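Every chain is numbered from 1, with letters handed out A, B, ... down the list of sequences. In this text, all values refer to a predicted model and were calculated from it rather than measured experimentally. Heavy-atom basis, side chains included; hydrogens, waters and symmetry copies ignored.
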Amino acid sequence: MIVTLKINGEERSVSAAGWESLLNVLHDDLGLPGSKAACEQGECGSCSVILGDTLVCSCLVMVGSCEGADVTTVEGIADGDDLHPVQQAMYESAGVQCGFCTPGFVVAAKHLFDHNPTPSAIDITEALSGNICRCTGYGAILRGLVSLADDGERE
Amino acid sequence: MNFTRATNIDEALAAKNADTDAEFLAGGTDLMVEVNLAHHRPKSVIGIENVAELKETSTSRIGAGVTWDHLESSSHQALAHLARTVGSPQIRAAGTIGGNIGTASPAGDGLPWIAAIDAKIEVVSQSRGKRLVPWAQFFTGVKRTSLGADEMVTALVLPADMPQIQHFAKIGVRSAMVISTVSCVVARGTDGFRVALGSVAPTVIRVPRAEQLLNSETRPSEAALDEFAATVAKEVQPITDHRSTEAYRRHAAGVLARRLVVRCLN
Amino acid sequence: MTTTSYRVAGRVGESVLRPDGIPKLTGNFAYISDLVADRMLWGATRRSPHAHARITKLDVAPALAMAGVVAVITQEDVPGNPRFGQVEQDQPVLCDGIARYWGEPVSVVAADDPETARLAAAAIVVEWEPLEPLSDPEVAVETDGKVIRQIRIERGDLSASGTVVVEGTYATATQDQAPLGPEAGLAIPDGSGGVDLYATTQWVHVDHSQIVDCLDVTPDQVRCHPAGIGGAFGAREDISLHIHLCLLAGITGRPVKMVYNRTESFVGHVKRHPSRMEYRHESDENGKLVKVSARVLLDGGAYAHTSEAVVANAAFFVVGPYNCANVEVDAIVVRTNNPPTGAMRGFGVVQTCFAHESQMDKLASAIGIGPLDIRRINALEAGDPLATTGQIIEGSLPTSRVLDALESIPMPEFETTDDPRLLPGGTGRTTEPSSVKRGVGYGLSLKNLAFSEAFDDFAEARVLLTTAGVEVHTAAMEVGQGLVTVCQQIARTVLGIEKVAVVFDDTSKIGSAGSTSASRQTQMTGGAVHAAAAQLLQKILDDHDGDELRDDGVYLTGQLVATIADICTDGPIEQWVQFSHPPTEEVDSKGQGNPHAGFAVAAHRAVVEVDVDLGLVRVVRIDTAQDVGRVLNPDAAIGQIEGGIMQGVGLAVMEEVVVDAGVIKNPTFTDYLLPTFLDAPSIEARFIEEPDHWGPFGAKGIGEPPTISSTPAVVAAIRDAIGKDLTRVPVRPQDIVGL
């Protein structure tokens, strides 16, 4: 079937088996490989995207149901060469190692900060508890995002 | 694959009636796991995620299409608490209570609450109309229900005498995003305590003997609570699998149920 | 040397940010699973559903007949050596008629798209005669031909005895590395019988030699390229889909890509050896060790992989960082029909460290002294002989300083809270604050750095100065650990030039860098870069009569005497170095000798809170002090320490590949539980900097120690909270409540 979606503000049409995951279609058919397949069960968050205003695992979204959907992927978070504040914060705090989980963290953290610019450390922790990182032990990610929340607090 | 997007319940039922093999898709959090594991390739899907009627809630019902993230702020305390433990934030934003009911996993996080408050499942088909199924008749086995091939789950119908005191707890070996090894809801209504447990039998269960024991006392003593816990541990029928052992699940069911009773008393 | 105020930015010692950080944060970093090529086919694997079985019928015709299927291959199609393995070539490229583990590849398919490839793999007809799986390693010890390696250590007087004796039997379960990026590869044929391979790995050159051998081609016909990889932790040290892809690309003449899903990843890479360990510690009445005896049994699974080296590590570090004159060890690794095991962060030392640290606590409690006391009394320091092999510790080993530093970190307050997120059981709201008991425990570990036992361990690097800046060339695998930044910092510091690009070359362009394992790349590839840069600098200064190199050229007493353009008049100027660490030896028949190139010590203190009635644990805090030689990049080093600790915490309380008669029962992230953000303890780390006798700027490898002693520290803390013996990891709720 042909599905037309609005991805990162741009209308895109794609031919896909309707049962395929949005993740597969983004990654393999639409040239947007930033969203990552790591578990395909909704148990790691590496494929997180924002669908409308909802943070979801794109591996669990059936593309056949996505006609007309508005999707924000990791590729749509930065403004050109300007990193989004959550990206800048994770970059500066050394919150990236292998980086395979990073797109999911960026999308989930952006969604969090869009809805709550000043989350507490434990709120950040719970909000990102669906994103598994195997490299960092989460410490550097937390330090980056806590400092971003502190910046929000000062404003 | 044939995909039909339903905008109301009638459209969804008409599509189901035309093709009873068609599958309903709401959050996709169960169905897509089967697809991604290549266990399943749906041929016909009816998308119901935009059916507004399924998202309605009132004091007497919760629409099947209500997602867990909305239920996290439910006024029913145990429901709000359990909603917060379903999968991850991403799963809670997509997954629905109706999906939990339809999948009927013994570990379904919402099911102990349904059993504890004695809710009914509202199911509808185009040819047979609406029926209200008591939860105990709806869940028939591991991932098996009495739902007919042409029916859909439309709502959870709440009892008029909703217990105001209710507590939930769930054991998993991780602090978040974990399938329960034992879960429990204890509700205290006008008729006394009701105790429901998940992951300790092929379906969600109540423990009537333990409930009876508890309800035979006005204010249970420590000894009575101990006996209650021991009865819960005997009454559940858990298995040993890769997530836990039968012995631990029995023990934990008793401990958890006892704690929740105490929370209800305090 | 002249004094100068010139100081290049981004030197050693600064928390330089990763050059690949921004592409990774924006989704633009190319992982192997993201690569595509024109006319690319997709591969899929048919696997054994049995842990041990004989193929009675294998018919690929139904798969080949499917539209869109281009090739189906079996073991008969392997042109060269039918077997591979980096130590012993014992594993068939595809099943040789007998499947020896659950999930063993039987056949691989190339087709136009992933779904067709999957369906074709499923369409292959395979009939099996199931055989009894050998799943008990103790039975394997008694079975002919199943011992992969046995190491016997006899040191000192084996009739010596102590006045205090503690014994214990310990076990560790199978742990999966669970790198977030599953195995992936893309093989591109070159049109003349050769192939370019991009595949998840930790060592392109060791892949290369095995592929060449199995394909029966000349070495120049296979080029293995370092490429983007989502973590490793040992999982990529052995071949997975590499040979399959090269064969398919050769037969089809088209690029072939294959990506494992998570369940395939669980069966498709080697895991940490499960172990069973019997220990006897004897000490004098003050706790000074007199004798340690141990028997260590590791389950190597179906094929050898790196088991020979893993069991050696388990044996040589059986005592840990402690002095003991009399030591007797039997360490055995066997073949079974369980999932193959091999490298994982800590490599054999994780297992014995859990046992020896449990024993040290037991000994301390038998004598009535504290856990830090027993460790101090016996601490192995530089200049002492290793208790097992007798090797004198050269270089630095500040064990007592590490313990002192750990003790100096303030203990966190016990905060009472009713926020379930901060209680055992987390959001499950299981736990009453009143049912929580707190415990504190310690772990101390010793780990060898780089390869041991006379292995020819070297790393090549090439450093060039061009008019556009410095280039560092290496074939080392950057798997996320931060080698790319360390190479830049070393080159900058030596050459005084800020603009440094690291180029990861394929196997045809540069020699081996060795494996990204054994905590070795900072020292080995870092050492090669350091030496190459230093020699390049000397050459440039000599050629231009200068005393200093800066961003803009050669200086003499503060005056520019030659610009970069002058230096590069005849093109880039370069230096190539093959760097080796100090030689190591094989041990003799009694396990005596000098098998190691270097050592590092680390200590951990865990604070846990335990719901004693439900057996649920929250790891509140881990404090650590680690012997790092010299910190090259503080933030990156903290990242290694925190990440390594989480893997140790995971093994302590939740991570277990559950295997029943050879079959993995939980090969998904739903049921193989990795710690989430909410499970992460807060971590406070202290670096102990005593430069080592080799390695750039005295730096030591830092990747493995955090994983090793964090596990026993957590278990000791749980024991402290509940007052029970715990002899197995992971500690499960049923172990705590005693069911």
Can Val173(B) and Val653(C) be said to form a side-chain contact (heavy atoms from CB on, under 4.5 Å), step by step? CA-CA 8 Å; Val173(B) 182; Val653(C) 295; 5.8 Å; no

Applying a strict 4.5 Å limit to non-hydrogen atoms, the region of Val33(B) in contact with chain C is neither

For residues 238-249 of chain B, the salt bridge (Lys or Arg N to Asp or Glu O under 4.0 Å) pairs (sequence neighbours left out) are Asp241(B)-Arg249(B), Arg243(B)-Asp671(C), Glu246(B)-Arg250(B)

Flag yes if more than 12 heavy atoms outside Lys234(B) fall under 6.0 Å of its NZ atom; otherwise flag no. no

Flag, side chain of His251(B) to backbone of Asp613(C), donor-acceptor distance under 3.5 Å: yes

Shortest non-hydrogen contact between Arg174(B) and Leu674(C), atoms and distance: NH1-O, 2.7 Å

Supply the atom-to-atom distance Leu614(C) CG to Thr181(B) OG1, rounded to the nearest 0.5 angstrom. 9.0 Å

Any sub-3.5 Å donor-acceptor pair from Tyr248(B)'s side-chain atoms to Arg732(C)'s backbone N or O? no

Chain B heavy atoms under 4.5 Å from Asp660(C): which part of the residue, side chain, backbone, both or neither? neither

Between Asn36(B), Thr85(B), Thr245(B), Leu82(B), which shows the greatest number of heavy-atom pairs under 4.5 Å with chain C? Thr85(B)

For chain B, which candidate among Pro730(C), Pro424(C), Ser435(C) shows the most heavy-atom pairs at distances under 4.5 Å? Ser435(C)

Using the rule given for side-chain contact (heavy atoms from CB on, under 4.5 Å), can you reason through Arg41(B) versus Glu115(C), listing the C-alpha separation, both sets of side-chain angles and the distance that settles it, and then say yes or no? CA-CA 11 Å; Arg41(B) 292 287 177 257; Glu115(C) 181 73 352; 2.6 Å; yes

Under 4.5 Å, counting heavy-atom pairs only, tell me which of Glu656(C), Arg421(C), Glu432(C) racks up the most with chain B. Glu432(C)

Looking at Gly428(C), Gly615(C), Gly426(C), which one has more heavy-atom pairs under 4.5 Å with chain B than the rest? Gly428(C)

Nearest heavy-atom contact between Leu678(C) and Ala176(B) is CD1-CB, 3.6 Å

Relative to chain C, which of Gly172(B), Ala38(B), Ala247(B), Ala252(B) shows the most heavy atom pairs under 4.5 Å? Ala38(B)

Which bit of Ile179(B) is near chain C, if near means a heavy-atom gap under 4.5 Å: side chain, backbone, both or neither? side chain

Leu616(C) and Ile171(B): CA distance, side-chain angles, deciding distance, side-chain contact (heavy atoms from CB on, under 4.5 Å) verdict: CA-CA 8 Å; Leu616(C) 300 175; Ile171(B) 295 175; 4.0 Å; yes

Contact summary for Thr431(C) and Arg263(B), nearest pair of heavy atoms: N-NH2, 3.7 Å

Hey, could you give me the CZ/CG distance between Arg429(C) and Leu256(B), rounded to the nearest 0.5 Å? 12.5 Å

Within the 4.5 Å heavy-atom criterion, are Thr430(C) and Lys170(B) side-chain neighbours or not? no

Contact part of Arg618(C) toward chain B, heavy-atom cut-off under 4.5 Å: side chain, backbone, both or neither? neither

Max heavy-atom pairs within cutoff under 4.5 Å with chain B, candidates Asp611(C), Thr668(C), Val617(C), goes to Asp611(C)

Please flag which part of Leu260(B) lies under 4.5 Å from any non-hydrogen atom of chain C: side chain, backbone, both or neither. neither

Least distance between heavy atoms, Met177(B) atom then Thr676(C) atom: CE-CG2, 4.3 Å

Do you know which of Val737(C), Leu119(C), Asn261(C), Thr263(C) has the most heavy-atom pairs under 4.5 Å to chain B? Val737(C)

Between Val658(C), Thr427(C), Leu423(C), which residue shows the highest count of heavy-atom pairs closer than 4.5 Å to chain B? Thr427(C)

Spacing of Gln734(C) atom CD and Thr240(B) atom OG1 [to the nearest 0.5 Å]: 8.5 Å

